[in-house]
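What follows is a single structure, written as C-alpha cells, with notes after it.
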Amino acid sequence: MEFFCYHRDRPGSLPLREELTEAHWSYMDRFAAELIARGPTFAADGETPTGSVHIVDLPDPAAARAFAFDEPNYQAGAFRDVLLRRWRNLLGRTMWDFPGGRTGGDRYLVLGLGTGEAVDLAVPPGRDDLIAYGPLLSDDATAWLGTAALVRAPDPERARAVLTADRYAAVEVHEWEFGGRR
C-alpha cells in the first residue's frame, strides 16, 4: 500500500532539524527499498524549510502511522503536524526513475485538498514533467481526498496547473527538491 506523508515544520524549527539531520537520514535509510519519493519543501525564498515529503510503500495504515510518527524530527517536536493519506502511484515509478534526474529546473509539491466529486484520477498531459502523481485516499482507499504531485515546472503557477482548476477546496504549491543523502 502506498502512502503520502507530509510533515509540516513548526516555525523556528530549523536549528532542531539541522541537529537531527543524521538521525532523520538514518531513520529513512531503514525504508530505502520502500520509498517512492522524498524531499524537503521550502518557503518562497527557496531556503527556509517548511516541511518534508515522503511517499512510501508499506504493508498497512498502522505501519504508515508508525513510519510518520516515529520519525526523529516529529518525535523531537520539529514538525507542527503530519498529513498522512493512502496514495496511488499512477506513474508506477519512483522519483529516482524520473527521466529528468535530480537536477535541472524548478521542482514543486502540488497538493490538492479534495472536496466533492473525485477529479484528476488519470495522469494529465505533460507526463514528462511529472516526478510523482496520484490521488490521496482514505485508509481503506474507498474515498478520494485529493491529489498529490511532484512536478518539474518553470514557476509555481505552471506547477499548479497540473490539477484541474477550481475543483479543490484548497491547492498548495511548495518549492520541493529531491531528498536523501548526497
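At a threshold of 4.5 Å between non-hydrogen side-chain atoms, the residues Val56 and Ile36 do not count as touching. Here the side chains of Glu71 and Met28 are in contact, with some heavy-atom distance below 4.5 Å. Counting only heavy atoms from C-beta outward, the side chains of Val110 and Leu163 approach each other to under 4.5 Å. Under the 4.5 Å side-chain criterion, counting only non-hydrogen atoms from C-beta, Asn73 is not in contact with Tyr27. Two residues are said to be in side-chain contact when any heavy atoms from C-beta on lie closer than 4.5 Å; Val151 and Tyr133 fail this criterion. Residues Pro124 and Thr164 are not in side-chain contact: their nearest non-hydrogen atoms beyond the backbone lie 4.5 Å or more apart. Here the side chains of Arg38 and Trp96 are in contact, with some heavy-atom distance below 4.5 Å. Put simply, the side chain of Leu137 does not reach to within 4.5 Å of the side chain of Thr142, judged on heavy atoms.
The cluster map of Ile, Leu, Val, Met, Phe, Trp and Tyr, joined by side-chain heavy atoms under 4.5 Å apart, puts Leu20 and Trp25 in different clusters. Hydrophobic clustering keeps Val171 apart from Phe42 (ILVMFWY residues linked when any side-chain heavy atoms are closer than 4.5 Å, directly or through intermediates). Both Leu35 and Phe98 are part of a single hydrophobic cluster, where members link through side-chain heavy atoms under 4.5 Å apart. No path of Ile, Leu, Val, Met, Phe, Trp and Tyr side chains, each step under 4.5 Å between heavy atoms, connects Trp176 with Leu14, placing them in separate hydrophobic clusters.
Heavy atoms from other residues, nucleotides or ligands lying under 6.0 Å from CZ of Arg93 number more than 12. Within a 6.0 Å radius of CZ in Arg10, other residues, nucleotides and ligands contribute more than 12 heavy atoms. Within 6.0 Å of CG in Asp140 there are more than 12 heavy atoms belonging to other residues, nucleotides or ligands.
Ring centroid separation for the pair Phe79 and Tyr74 does not come in under the 6.0 Å cut-off.
Summarising the geometry, atom OG1 belonging to Thr147 is positioned 11.0 Å from atom CZ belonging to Arg88; distances are rounded to the nearest 0.5 Å. Rounding to the nearest 0.5 angstrom, the gap separating the CD atom in Glu2 from the CG atom in Asp57 is 5.0 Å. Separation of atoms OG (Ser13) and CD (Glu19) is listed at 12.0 Å; rounding is to 0.5 Å.
Between Phe67 and Phe31, the ring planes are perpendicular. Angles over 60° get that label, and only those under 30° would be called parallel. Note on ring orientation: taking the six-membered ring where Trp is involved, the planes of Tyr168 and Trp144 are tilted (angle from 30° to 60°).
Taking every heavy atom of both residues into account, Arg152 and Gly100 meet most closely at NH1-CA, 3.5 Å. Heavy atoms only, all atoms of each residue included: Tyr108 and Val173 are closest at CD2-CG1, 3.8 Å. For the pair Ala149 and Val162, the tightest heavy-atom approach, listed with the atom from each and the gap, is CB-CG1, 4.3 Å. Shortest non-hydrogen contact noted between Cys5 and Val82 is SG-CG1, 3.9 Å. Considering all non-hydrogen atoms of both residues, Asp45 and Glu47 come closest at OD1-N, 2.7 Å. Closest of all the heavy-atom pairs between Trp87 and Ala132 is CH2-CB, 4.1 Å.
Side-chain atoms of His174 never come within 3.5 Å of backbone atoms of Thr50 as a donor-acceptor pair (strictly under, hydrogens ignored). Between the side chain of Asp129 and the backbone N or O of Ala153 there is no donor-acceptor pair closer than 3.5 Å. Under the 3.5 Å distance criterion, the side-chain polar atoms of Thr115 are left unmatched by any main-chain donor or acceptor of Ala169. For the pair Arg86 (side chain) and Asp139 (backbone), a donor-acceptor distance under 3.5 Å is present. Arg107 contributes a side-chain N or O that, together with a main-chain N or O of Gly104, makes up a donor-acceptor pair within less than 3.5 Å.
Taking the charged nitrogens against the carboxylate oxygens, Asp9 and Arg17 do have a contact shorter than 4.0 Å, which makes a salt bridge. At a threshold of 4.0 Å, the pair Arg8-Glu172 counts as salt-bridged, since one of the basic side-chain nitrogens sits closer than that to a carboxylate oxygen.
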Problem set entry | CA sep, side-chain torsions, deciding dist, call: Leu83, Leu111, side-chain contact (heavy atoms from CB on, under 4.5 Å) | CA-CA 11 Å; Leu83 174 64; Leu111 191 56; 3.7 Å; yes
For this session: Let me see the working for Gln75 and Asp70 under side-chain contact (heavy atoms from CB on, under 4.5 Å), right down to the final yes or no.
Result: CA-CA 6 Å; Gln75 288 289 309; Asp70 290 346; 4.2 Å; yes
Problem set entry | From CA spacing to verdict: side-chain contact (heavy atoms from CB on, under 4.5 Å), Leu150, Ile55 | CA-CA 10 Å; Leu150 299 172; Ile55 303 174; 4.3 Å; yes
For this session: Kindly indicate, with the supporting measurements, whether the criterion side-chain contact (heavy atoms from CB on, under 4.5 Å) is fulfilled by Leu130 and Val123.
Result: CA-CA 9 Å; Leu130 294 175; Val123 177; 3.7 Å; yes
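For the residue pair Tyr6/Thr41, the side-chain donor-acceptor check at 3.5 Å is satisfied. Using a 3.5 Å distance cut-off with no hydrogens or angles, the side chains of Asp29 and Ser26 do not pair a donor with an acceptor. In summary, the side chains of His24 and Glu22 do not present any donor paired with an acceptor at a separation below 3.5 Å, with no hydrogens or angles considered.
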